[in-house]
Amino acid sequence: MSTMKIALITGANKGIGFETARQLAQRGVSVLLGSRDAKRGEEAAATLKAEGLEVAPITIDVTDPETVLAAVKQVEAQYGKLDILINNAGTGDFTKPASTETVGEWKRVFDTNVFGLVETTRLFLPLLKKAEAGRIVNLSSILGSVSLAADPNSPVAGSVGHYAAYGASKTAINMYTVQLARELELEKSKIKVNVAHPGWVKTDLGGEGAPMELEEGAKTSVELALLPEDGANGGYFHLGQTLPW
Ligand SMILES: NC(=O)c1ccc[n+]([C@@H]2O[C@H](COP(=O)([O-])OP(=O)(O)OC[C@H]3O[C@@H](n4cnc5c(N)ncnc54)[C@H](OP(=O)(O)O)[C@@H]3O)[C@@H](O)[C@H]2O)c1
């Protein structure tokens, strides 16, 4: 079994996942950079390797359990464990009013953001249990907070009405995280699972108008991935601050 910490990040060929891979590798973690497209994954990994970082691409489409299972087998054969799983892959559409989003559009968002995350976690859990102190980071969003969406004075108030499916998918991730955290706690497992809101970050998903740069946007995921033994479990965080559910 590898003595290095091994991390796997889904959707790491670009955006926040890519920067998270860079920052974790800079901290001495060996990073498997997940990408649903093998070529995009290889190119992204090559960029980080050229910076002297220990990263390798791994093909995972979170909506295709066969690819997740193949990745589990690969990680098991190569490392025998997984220390950190960052469920970062995500998608969303913020252009449609809630009343016009179709069930097909809801399903597309839930397939990736919720069902993909749940299945990826389920399949990697045995390898996380083999690590000394597994960490799971689920990328949600402040847009998953029901209490903030319902508060007319909250920072998200101006966008409410235009992220029903995306927001609900992140709310589902929040609930899943709390449920899994409690289950692991009852088992006396050393695994911690938390929710990260990266901030509103300049990426293809966040758009060019976002105020945060990638470097800052990856920090919450990195912090939760490297939590010490007395760190949080089942929490909802942005840059060290707790968010309301
Ligand atoms: N940016 C923000 O302001 C913001 C705010 C709050 C939360 N978030 C969350 O942060 C996470 C990362 O977002 P981002 O802004 O970095 O977005 P991004 O730049 O659009 O990157 C999304 C990543 O997810 C991958 N992906 C999409 N569907 C996938 C699938 N089925 N299987 C595997 N990978 C898949 C994409 O791969 P391809 O390149 O192949 O499409 C890409 O690598 C998401 O969960 C997002 O909801 C972002």
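Numbers for residues simply follow the sequence, beginning at 1. Just follow the structure's listing: the first ligand is 1, and inside any ligand the first atom is 1.
Under a 4.0 Å criterion applied to the non-hydrogen atoms of Ser141, ligand 1 contributes the atoms 6 (C), 7 (C). Interface atoms of ligand 1 facing Asn88, defined by a heavy-atom separation under 4.0 Å, are 11 (C), 12 (C), 44 (C), 45 (O). Every atom of ligand 1 with a heavy atom of Arg40 under 4.0 Å away is listed here by number and element: 38 (P), 39 (O), 40 (O). Within ligand 1, the atoms closer than 4.0 Å to a non-hydrogen atom of Trp200 are 3 (O), numbered from 1 in the order shown. Residue contact check: Thr63 has heavy atoms under 4.0 Å from atoms 31 (N) of ligand 1. Numbered from 1 in the order shown, with element, the atoms of ligand 1 that lie under 4.0 Å from a heavy atom of Asp204 read 19 (O), 20 (O). Near Val62, meaning under 4.0 Å from any of its heavy atoms, are these atoms of ligand 1: 30 (C), 31 (N), 32 (N), 33 (C).
A heavy-atom distance below 4.5 Å is not found between the side chains of Val193 and Leu85.
Geometrically, ligand 1 and Arg36 share a nitrogen or oxygen pair separated by less than 3.5 Å. Considering backbone and side-chain atoms alike, Gly17 places every N or O at 3.5 Å or more from each N or O of ligand 1. Residue-to-ligand polar distances place Asn13 within reach of ligand 1: an N/O pair is separated by less than 3.5 Å. Ligand 1 has a nitrogen or oxygen under 3.5 angstrom from a nitrogen or oxygen of Asp61. Between Thr91 and ligand 1, not a single N/O pair is under 3.5 Å apart. Taking distance alone, with nitrogen or oxygen atoms compared against 3.5 Å, Gly11 approaches ligand 1 more closely than that limit.
No more than 12 heavy atoms of other residues, nucleotides or ligands lie within 6.0 Å of CZ in Arg27, so this atom counts as exposed by the packing criterion.
Of all protein heavy atoms, the one lying nearest to atom 2 (C) of ligand 1 is Val201 N, 3.5 Å. For atom 7 (C) of ligand 1, the closest heavy atom belonging to the protein is Ser140 O, 3.1 Å. Considering only non-hydrogen protein atoms, atom 47 (O) of ligand 1 sits nearest to Tyr166 OH, 2.6 Å. In this structure, the protein non-hydrogen atom closest to atom 17 (O) of ligand 1 is Leu205 CB, 3.4 Å. Nearest protein heavy-atom contact of atom 21 (O) of ligand 1 is Lys14 CE, 3.7 Å. Annotation: atom 35 (C) of ligand 1 to nearest protein heavy atom, Ala89 CB, 3.6 Å. Taking atom 4 (C) of ligand 1 as the reference point, the nearest protein heavy-atom neighbour is Gly199 O, 3.6 Å. If you check which protein heavy atom lies closest to atom 15 (O) of ligand 1, you get Thr203 OG1, 2.5 Å.
For the side chain to side chain donor-acceptor pair (under 3.5 Å) with Lys202, the lone residue among Glu213, Glu216, Glu208 that qualifies is Glu213.
Listed for the Tyr163 side chain is no donor-acceptor partner under 3.5 Å among the backbone atoms of Lys96. Side-chain atoms of His238 come within 3.5 Å of backbone atoms of His197 as a donor-acceptor pair (strictly under, hydrogens ignored). Formation of a donor-acceptor pair under 3.5 Å by the Thr120 side chain with backbone atoms of Leu117 is not found in this model. The closest donor-acceptor contact from the side chain of Asn113 to the backbone of Gly90 lies at 3.5 Å or more, if one exists at all. Proximity of a side-chain donor or acceptor of Ser154 to a complementary backbone N or O of Leu148 within less than 3.5 Å is detected.
Residue contacts with ligand 1: Gly92 is excluded, as none of its non-hydrogen atoms falls under 4.0 Å.
Remark: Tyr166 OH to Phe94 CZ distance equals 4.5 Å, nearest 0.5 Å.
Counting heavy atoms closer than 4.0 Å to ligand 1, residue Met212 contributes nothing at all. Contacts with ligand 1 closer than 4.0 Å are made by backbone heavy atoms (N, CA, C, O) of Ile60 only, the side chain lying farther away. If you look at Thr112 next to ligand 1, the close heavy atoms, those under 4.0 Å, all belong to the side chain. Counting heavy atoms closer than 4.0 Å to ligand 1, residue Lys202 contributes nothing at all.
The two residues Thr20 and Ser221 come nearest to each other via the heavy atoms CG2-CB, 3.8 Å.
Between atom 22 (C) of ligand 1 and the options Gly90, Gly15, Gly41, the minimum heavy-atom separation is to Gly90.
Asn138 and Ser140 share no donor-acceptor pair across their side chains, judged by distance under 3.5 Å alone. Judged purely by distance below 3.5 Å, without hydrogens or angles, the side chains of Asn87 and Thr121 pair a donor atom with an acceptor atom. No hydrogens or angles considered: a donor-acceptor pair under 3.5 Å links the side chains of Glu19 and Gln23. If you check the side chains of Thr10 and Asn88, you find no donor sitting under 3.5 Å from an acceptor. In summary, the side chains of Asp61 and Thr63 do present a donor paired with an acceptor at a separation below 3.5 Å, with no hydrogens or angles considered.
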In sequence, state the C-alpha distance, the side-chain angles, and the governing distance for Ile84 and Ile6, and then conclude on side-chain contact (heavy atoms from CB on, under 4.5 Å).
CA-CA 6 Å; Ile84 298 164; Ile6 312 297; over 6 Å; no
